[in-house]
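Below, all heavy atoms of this structure are taken into account, side chains as well, without hydrogens, waters or symmetry copies.
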Amino acid sequence: QVQLVESGGGLVQAGGSLRLSCAASGRLLRINTVVWFRQAPGKEREFVAAIKWSGGLTYYPDSAKGRFTISRENAKNTVYLQMNFLKPEDTAVYYCAAARVSGLQYAAEVYDYWGQGTQVTVSS
């Protein structure tokens, strides 16, 4: 099994920044891709960013490009999501997820392992 633990969420004003962390442990050979999703109340889960564990290839949807940056620190088995210029519509629970997949995939159903989520609230 793989365990994922998110941290770093909180309350921030519009225009501010937050850095989320996703610490992975367990049988890490079972994963090669880590992603961030978010889910706001009453909305579907939305893909935010993806990164390959080896090599660091990244992928973002248009809504995240230029504001969000995903990175990893292999020595700490941790993936980060740096979020800048936050907007009220970024308010959601942010989840990291992981799997061993080919390429960079953004469909939630392909990811086997999920963290518990961390709340991000952006005030206007």
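- A donor-acceptor pair under 3.5 Å is absent between the side-chain atoms of Tyr60 and the main chain of Gly66, judged by distance alone.
- A distance of 9.0 Å separates CD1 in Ile70 from SG in Cys96, rounded to the nearest 0.5 Å.
- For the side chain to side chain contact (heavy atoms under 4.5 Å, CB included) with Leu18, the qualifying choice from Thr118, Asp90, Val12 is Val12, the only one to do so.
- A pairwise comparison of heavy atoms in Leu4 and Ala24 identifies CD2-CB, 3.7 Å as the closest pair.
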Between Gln105 and Tyr111, is the side-chain contact (heavy atoms from CB on, under 4.5 Å) condition met? List the steps.
CA-CA 9 Å; Gln105 301 192 36; Tyr111 290 92; 4.1 Å; yes
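- Using bins of under 30°, 30° to 60° and over 60° for the plane-to-plane angle, the ring pair Phe37/Trp114 lands in the tilted bin.
- For the pair Arg30 and Tyr113, the cation does not sit on the ring face, since its NZ or CZ is not both under 6.0 Å from the ring centre and inside 45° of the axis.
- Follow the hydrophobic side-chain contacts under 4.5 Å out from Val120 and you never reach Phe47; the two are in separate clusters.
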Applying salt bridge (charged side-chain N to carboxylate O under 4.0 Å, His left out), run through Lys65 and Asp62 and close with a yes or a no.
CA-CA 5 Å; Lys65 288 178 181 177; Asp62 289 343; 3.4 Å; yes
Taking it one step at a time, do Val79 and Trp36 satisfy side-chain contact (heavy atoms from CB on, under 4.5 Å)?
CA-CA 9 Å; Val79 170; Trp36 286 95; 3.7 Å; yes
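- One finds the OG atom of Ser123 at 10.0 Å from the CG atom of Leu86 (value rounded to the nearest 0.5 Å).
- The environment of OH in Tyr106 is sparse: at most 12 heavy-atom neighbours from other residues, nucleotides or ligands sit within 6.0 Å.
- No donor-acceptor pair closer than 3.5 Å links the side chain of Asn32 to the backbone N or O of Lys52.
- In this structure, the separation between CG on Leu81 and CZ on Arg19 is 10.5 Å, given to the nearest 0.5 Å.
- Taking CD from Gln119 and CG from Leu11, the interatomic distance works out to 9.5 Å, rounded to the nearest 0.5 Å.
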Determine, stepwise, if the pair Ser63 / Glu46 fulfils side-chain contact (heavy atoms from CB on, under 4.5 Å).
CA-CA 10 Å; Ser63 60; Glu46 178 186 12; 3.6 Å; yes
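- Between Ala98 and Val34, the shortest heavy-atom distance links the atoms CB-CG2, 4.1 Å.
- Taken from CZ in Phe68 to CZ in Arg38, the straight-line distance is 5.0 Å, to the nearest 0.5 Å.
- Proximity of a side-chain donor or acceptor of Thr91 to a complementary backbone N or O of Val122 within less than 3.5 Å is detected.
- Transitive grouping of hydrophobic side chains (ILVMFWY, heavy atoms separated by less than 4.5 Å) keeps Val101 and Ile31 in distinct clusters.
- Taking hydrophobic clusters as Ile, Leu, Val, Met, Phe, Trp and Tyr residues chained together by side-chain heavy-atom distances below 4.5 Å, Tyr95 shares a cluster with Leu104.
- Phe85 and Leu20 end up in different hydrophobic clusters when Ile, Leu, Val, Met, Phe, Trp and Tyr side chains are linked at under 4.5 Å.
- Side-chain contact of Tyr94 with Glu6: a donor-acceptor pair under 3.5 Å is absent, judged by distance alone.
- Rounding to the nearest 0.5 Å gives a distance of 9.5 Å between OG of Ser124 and CD of Gln13.
- In this structure, Arg45 contributes its side chain and Gln39 its backbone to no donor-acceptor pair below 3.5 Å.
- Linking Ile, Leu, Val, Met, Phe, Trp and Tyr whenever their side-chain heavy atoms come within less than 4.5 Å puts Val48 and Ile51 in one cluster.
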